[in-house]
There are 2 protein chains.
Amino acid sequence: MATYVDDAWTALGDPSRRQILRRLAERPCSVTEIAEELPISRPAVSQHLRVLKEARLVLVRPQGTRRIYEVDLQGLATLREELDQFWGKALENFKRLVEEETEQP
Amino acid sequence: MATYVDDAWTALGDPSRRQILRRLAERPCSVTEIAEELPISRPAVSQHLRVLKEARLVLVRPQGTRRIYEVDLQGLATLREELDQFWGKALENFKRLVEEETEQP
DNA sequence: CACTAACGTAAGTTACGCCTTACGGAATCT
DNA sequence: AGATTCCGTAAGGCGTAACTTACGTTAGTG
């Protein structure tokens, strides 16, 4: 089962996209603003934002001729929940394994 | 500042590595065991495990001629904390922004 | 109505990541 | 000691993701 959360993990695999998302977490801003603070061109940022948008990690809010991007809190929450669940399961299985070993050495 | 957590995000960017990690979360197992359940060769799995190990997401435990891999709970916890902090900051900044807008429309 | 600013997309190049096959080392068994 | 199993690494091929430049579109501005 491939959910859109999977796309989020793939999207966050790129350092530039992580940087962009960290930037947007501070405050929403336009494409040009982001590109000015990164060592890549503006179209490159635009492409990254498209990937992040498809992964439900950012939202767009047109404002005049500019497009203000911001973090998609809902998508981010879903990602966090998935990691939490995974963490819980890993810890649970680890404890179970330890118990089995102490019973049968 | 590039921490080893950054490597974890990069490592989890690959679908095969996410699959391997999910597999190891169920229970620790050897390289061959993992490869048998994946559509890739054993050396490929070995390379993925190396990346996961460098990212502090898995641990190795030599056992005879076999090498048992398991989830690195400590590294995974660190990753979870980072995501939690990021989530908290994003939510905080969002709230702050809403307040500023309600004050000055 | 030009003119500009901001942006998305197309086309093309390039670098890198993933995978394979081949080889060699280490531990176990007979 | 020889054979076998399990594994890591090297070398190379190959697809694709990330970037650039170029162009077209849309919304403000004088």
Side-chain angles (χ1 to χ4, degrees), chain A residues 2 4-24 26-72 79, chain B residues 2 4-24 26-72 79:
Chain A
Y4 74 87
V5 181
D6 242 79
D7 293 338
W9 289 105
T10 301
L12 291 176
D14 184 77
S16 295
R17 281 194 285 267
R18 288 197 295 273
Q19 219 167 334
I20 291 175
L21 199 67
R22 278 193 284 262
R23 178 71 177 78
L24 293 180
E26 298 296 332
R27 62 179 177 86
C29 53
S30 69
V31 180
T32 307
E33 279 178 289
I34 299 175
E36 284 173 349
E37 300 179 358
L38 291 185
I40 57 180
S41 69
R42 182 194 53 76
V45 173
S46 219
Q47 290 165 8
H48 281 309
L49 285 170
R50 181 159 59 100
V51 175
L52 288 171
K53 195 177 64 172
E54 287 174 353
R56 305 226 202 176
L57 289 173
V58 301
L59 289 174
V60 205
R61 176 167 32 104
Q63 184 172 315
T65 169
R66 312 201 318 172
R67 303 180 65 110
I68 307 300
Y69 283 87
E70 60 185 328
V71 173
D72 187 336
L79 184 72
Chain B
Y4 75 88
V5 182
D6 242 80
D7 293 338
W9 287 105
T10 302
L12 291 176
D14 183 76
S16 296
R17 281 194 286 266
R18 288 197 295 272
Q19 218 168 333
I20 291 175
L21 200 66
R22 277 193 285 261
R23 178 71 177 78
L24 294 180
E26 298 296 333
R27 63 179 177 86
C29 53
S30 69
V31 179
T32 307
E33 280 179 289
I34 299 173
E36 285 172 350
E37 300 179 0
L38 291 185
I40 58 179
S41 68
R42 182 194 52 76
V45 174
S46 219
Q47 289 165 8
H48 281 310
L49 286 170
R50 183 159 60 99
V51 175
L52 288 171
K53 196 176 62 170
E54 287 174 352
R56 304 226 201 176
L57 289 173
V58 301
L59 289 175
V60 206
R61 176 166 32 103
Q63 184 173 317
T65 167
R66 312 200 320 172
R67 302 179 64 105
I68 308 300
Y69 283 86
E70 60 185 330
V71 173
D72 187 337
L79 183 71

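Numbered from 1 within each chain, the chains take letters A, B, ... in sequence-line order. Here the structure is a predicted model, which means the values were calculated and not measured.
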Looking at A/Ser16, does any N or O in its side chain come under 4.0 Å of the phosphate oxygens OP1/OP2 on D/dC19?
yes
B/His48 side chain N/O closer than 4.0 Å to the phosphate oxygens (OP1, OP2) of C/dG17?
no
Taken to the nearest whole Å, CG/A/Leu52 to P/D/dA18 is 10 Å
Rounded to the nearest 0.5 angstrom, the CZ-CD1 distance for A/Arg27 and A/Ile68 is 9.5 Å
Spacing of A/Arg61 atom CZ relative to C/dA6 atom P, expressed in whole Å:
17 Å
Nearest heavy-atom approach of A/Ala8 to A/Leu79 is CB-CD1, 4.0 Å
Above 12 or not: heavy atoms from other molecules or residues under 6.0 Å from CZ of B/Arg23?
yes
What integer distance in Å separates A/Glu54:CD from C/dG8:C1'?
13 Å
Using modelled atom types only, decide if a donor and an acceptor are shared between the side chain of A/Arg17 and the backbone of A/Ala11 within a distance under 3.5 Å.
yes
How would nucleotides 4-16 of chain D be written as a contact map, 5' to 3', with B for base contact, S for sugar-phosphate-only contact and - for no contact, using protein heavy atoms under 4.0 Å?
-BBBBBB------
For the side chain of B/Arg18 and the backbone of B/Leu12, is there at least one donor-acceptor N/O pair under 3.5 Å apart?
yes
Could you check if a side-chain atom of B/Leu24 sits within less than 4.5 angstrom of a side-chain atom of B/Ile34, using non-hydrogen atoms only?
yes
Rounded to whole angstroms, how far apart are CG on A/Asp7 and C1' on D/dA17?
15 Å
Distance in angstrom units between A/Arg18 CZ and D/dA17 C1', rounded
15 Å
